[in-house]
Amino acid sequence: MTGRAWLAAAMGAAGVAGILAVVLAVVVPAARQPSATAPVGQGQRHSVLPTAPASYLGLYAAGVPGSYAGVTAFTAATGVKPRLVPYYSGWFEPFQARFATMVADDGAVPLVQIDPDGVSVASIAAGRYDTYLRTYAQAVRAYRRPLIVSFGHEMNGDWYSWGSRGTSPRAFVAAWRHLVTIFRREGAENVTWLWTVNVIDDPHYGKVPSPARWWPGSAYVTWVGIDGYYYHPSAAFSSLFGPTIVAVREITSDPILITETAALPSAGQSAKIDDLFAGVRSYGLLGFVWFDVAHPENWQLSSRAALLTFREGARTYRRGR
């Protein structure tokens, strides 16, 4: 079981325990201005978040959303104070407003990955879970502060029930649009919608379908997320993420965030950290998310050299804004 498959198994109402990740995000203006109007009843697709370069530096820590201790501990170890803190939310789990408020009070923006584990995606599109979604959307609206929301991440892969093996792209698109529609009808306009795909040249899974068939349409997406990991010393940002960035750019010019990434110690973590910072700058992306996962693969920033490289990379990254 891979790190991401283990993550899905570990999801639940209590959140994800035992995981530590770092998000370094830089926001750049989109190459294309969003449409001035969205379909009737769909609201606007403009991001409610600022889009100045190097706006976000974030952290995904062990125990969230149940505890903020991991965020504090990682900040102490690296000197990196987050401005974005993500967590994963299983289906039927309510919006964690208390945790989101804690994140906001610490100067960060919460990111919630809502995953339809254990339910039919087609049934979501058909309205079977509308009561749950309306309640969730109402809680998000009441939160009032900016929130990033994703649904069914890595849907172009086949390792999740909502992915290519268990759910058709048509059903996924219908469910995505339905979810966004409900949130907008409930007045939850404080949401930035993040559509998260897997790299198409994956060093672990091999060739993964291009995400185009899962694209919900520009009126339903604000940012694009891409997940990918460094397994080998030969891996480089251009080969790991480049082909997927090209595929995404054929669909949309929306800002791109590397939403999951890490390097095995055997791949040379320090060198890959430098490669990530350089790659994000070179491609003009929003930033990247570093997963510090200890199980099953060892993705942790466990060496002093890796921690120092990340600290210096974050410092020079901020300085280059």
Side-chain angles (χ1 to χ4, degrees), residues 1-8 18-26 57-62 74 77-80 86 153-154 156-159 196-211 225-249 256-318 320:
M1 183 179 290
T2 68
R4 284 163 286 178
W6 170 82
L7 177 65
I19 297 176
L20 182 65
V22 173
V23 183
L24 182 67
V26 115
L57 182 66
L59 173 73
Y60 179 42
F74 195 92
T78 63
V80 176
H153 72 300
E154 300 177 7
N156 59 321
D158 63 6
W159 42 88
T196 307
V197 305
N198 196 79
V199 292
I200 59 177
D201 289 338
D202 193 292
H204 180 77
Y205 291 104
K207 292 293 184 180
V208 174
S210 176
I226 301 177
D227 295 350
Y229 292 79
Y230 291 83
Y231 280 85
H232 312 295
S234 60
F237 192 97
S238 58
S239 59
L240 181 59
F241 295 105
T244 310
I245 293 170
V246 171
V248 168
R249 284 290 169 249
I256 296 173
L257 172 70
I258 303 302
T259 36
E260 286 186 25
T261 192
L264 293 172
S266 59
Q269 282 187 335
S270 293
K272 300 316 175 192
I273 292 168
D274 285 335
D275 186 54
L276 278 167
F277 281 111
V280 167
R281 287 191 296 267
S282 176
Y283 282 85
L285 306 186
L286 289 166
F288 68 84
V289 179
W290 181 276
F291 260 56
D292 206 55
V293 182
H295 176 83
E297 297 97 349
N298 177 19
W299 303 107
Q300 288 185 314
L301 292 175
S302 54
S303 71
R304 177 175 175 80
L307 288 167
L308 290 175
T309 300
F310 189 87
R311 178 195 290 263
E312 178 62 18
R315 185 181 66 82
T316 57
Y317 207 47
R318 289 193 297 261

_Qualifying residues under side-chain contact (heavy atoms from CB on, under 4.5 Å), relative to Ala236, sequence neighbours excluded_ = Ser238, Ser239, Asp275
*Might you point out which heavy atoms bring Ala314 and Val80 nearest each other, and give the distance in Å?*
CB-CG2, 3.9 Å
_Checking Ile226 against Leu285 for the side-chain contact (heavy atoms from CB on, under 4.5 Å) test, could you report, in this order, the C-alpha distance in whole Å, the side-chain angles of both residues, the deciding distance, and whether it holds?_
CA-CA 11 Å; Ile226 301 177; Leu285 306 186; over 6 Å; no
*Shortest non-hydrogen contact from Leu240 toward Pro203*: CD1-CD, 3.6 Å
*Do Trp299 and Tyr231 have ring centroids that are under 6.0 Å from one another?*
yes
_Contacts of type side-chain contact (heavy atoms from CB on, under 4.5 Å), residue Ala306, not counting sequence neighbours_ = Gln269, Ser270, Ile273, Leu301, Ser303
*Quick one: CZ on Arg281 to CG on Leu276, what's the gap to the nearest 0.5 Å?*
10.5 Å
*Do you know which two heavy atoms are closest between Pro211 and Val197, and how far apart they sit?*
CB-CG1, 3.6 Å
*By side chain to side chain donor-acceptor pair (under 3.5 Å), which residues pair with Asp274, not counting sequence neighbours?*
none
*Which of these passes side chain to side chain donor-acceptor pair (under 3.5 Å) with Asp227: Thr244, Thr261, Thr259, Asn198?*
Thr259
*What closest approach, in Å, do Ala77 and Arg311 show between heavy atoms, and which atom pair accounts for it?*
O-NH2, 3.2 Å
*Can you tell me how far CG of Asn156 sits from CG of Asp202, rounded to the nearest 0.5 angstrom?*
9.5 Å
*What residues form a salt bridge (Lys or Arg N to Asp or Glu O under 4.0 Å) with Asp158, not counting sequence neighbours?*
Arg165
*How would you list, by chain and number, every residue that makes a ring pair (Phe, Tyr, Trp, His ring centres under 6.0 Å) with Phe237, sequence neighbours excluded?*
Phe241, Tyr283
_Treating Thr316 as the side-chain partner and Glu312 as the backbone partner, does any N or O pair qualify as donor plus acceptor under 3.5 Å?_
yes
*Provide the closest heavy-atom pair for Pro243 versus Asp201 in the form atom of the first, atom of the second, distance.*
CG-OD2, 3.3 Å
*Any sub-3.5 Å donor-acceptor pair from Lys272's side-chain atoms to Pro233's backbone N or O?*
yes
_Within this structure, what is the CD-NE2 distance for the pair Glu297 and His204, rounded to the nearest 0.5 Å?_
6.0 Å
*Going through the checks in order, is the side-chain contact (heavy atoms from CB on, under 4.5 Å) test met by Ile256 and Arg249?*
CA-CA 9 Å; Ile256 296 173; Arg249 284 290 169 249; 3.5 Å; yes
_Check the orientation of Phe277 and Phe310. Use parallel for under 30°, tilted for 30 to 60°, and perpendicular for over 60°._
tilted
